[in-house]
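A quick write-up on the structure given underneath.
Just so we're clear, the structure is a prediction, and the values are computed from it rather than from any experiment. Whatever order the structure lists ligands and atoms in, that order sets their numbers, starting from 1.
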Amino acid sequence: MAAQLEHRDADASAASTTAMVSMRAVNKHFGALHVLRDIDLDVAPREVVVVVGPSGSGKSTLCRTINRLEPIDSGEIRVDGERLPVEGPGLANLRAEVGMVFQSFNLFADRTILDNLTLAPTKVRKVKRAAAEAEALSLLDRVGIADKAGHFPAQLSGGQQQRAAIARALAMHPKVMLFDEPTSALDPEMINEVLDVMVDLAREGMTMIVVTHEMGFARRAADRVVFMDQGRIVEQNTPAAFFDAPQTDRARSFLASVL
Ligand code: ADP
Ligand code: MG
């Protein structure tokens, strides 16, 4: 009987109990501008979702609501089953679970790369300095810039800075990684070194939401492509289906503009 009930419960709320990120009927305005319209999105553990869409369609706002950089007007967002707190100590913990990498690298300019990686773990996660440094060095090695530990951000190329920013986010042991156009500010020759790190991360099973115009990355790494336009999720599909057979005129014209 208990097992039966459990089974029925699991079926009834399968999406919300198993999703790593779950957005339900999320709405967000900036003044009169309705930027997120009834967004429903579930991202499964280990899933890689690539979000595409025209400029101004709400992609960045969507990412920012997931770690509460932007409050929502209505609806609900859960990360690993937990409803997002609006403020208080729960918010710092939530932010620690959601790593975010922006277009602009956002490293602390007056700190070494090593310090950039150890700051949050020692302050927020209360990791001992020696342990935080050891892990930071191993993460820098993983993204291929172990030799830059003692450098300052300005001494690194854009691609190296972005890899450092990824390593810094990973140092917090996030459950989910959000990437908002992580390669848009990079010179073309540096794009692949960052995308390669992201592909590795995806293969290792990180749950990822990636806003990008790099359709090659989407084909290589995405489990699903979500197409947004004017604050709505208009279409979602596997990369192959989305790119080869988009279902809506809006998706077709968007693809024609970026491919
Ligand atoms: P995208 O990332 O898809 O280009 P955004 O989420 O950045 O789209 O923006 C969606 C819409 O919200 C745009 O019209 C943008 O101008 C507007 N917007 C974004 N941030 C703000 C803000 N802080 N204040 C007012 N309007 C904003
Ligand atoms: Mg954006």
* Would you check ligand 1 and list the protein residues that come within less than 4.0 Å of it by any heavy atom, ordered by chain and number? => Phe30, Leu33, Val35, Pro54, Ser55, Gly56, Ser57, Gly58, Lys59, Ser60, Thr61
* **Under the ring-ring contact (aromatic ring centres under 6.0 Å, His included) test, residues paired with His29 that sit two or more places apart** => His34
* Which residues share a ring-ring contact (aromatic ring centres under 6.0 Å, His included) with Phe254, sequence neighbours left out -> Phe227
Would you say [Y] and [X] are linked by a side-chain donor-acceptor pair, where the criterion is simply a distance under 3.5 Å?
{"X": "Asn116", "Y": "Arg168", "result": "yes"}
{"X": "Thr248", "Y": "Glu235", "result": "yes"}
{"X": "Asp229", "Y": "Ser57", "result": "no"}

* Structure fact -> Near the Mg ion (ligand 2) (protein N/O/S, cut-off 2.8 Å, waters excluded) we have Ser60 OG
* salt bridge (Lys or Arg N to Asp or Glu O under 4.0 Å) assessment of Arg219 paired with Asp244 -> CA-CA 11 Å; Arg219 280 193 188 265; Asp244 299 337; 3.0 Å; yes
* Is any side-chain N of the basic residue among Arg142 and Asp200 closer than 4.0 Å to the acidic one's carboxylate O? -> no
* Asked: Are any of the side-chain nitrogens in Arg24 or Glu76 under 4.0 Å away from the carboxylate oxygens of its partner?
  -> no
* Asked: Counting distance only, does the side-chain N/O of Asp180 pair as donor-acceptor with the main-chain N or O of Val211 below 3.5 Å?
  -> no
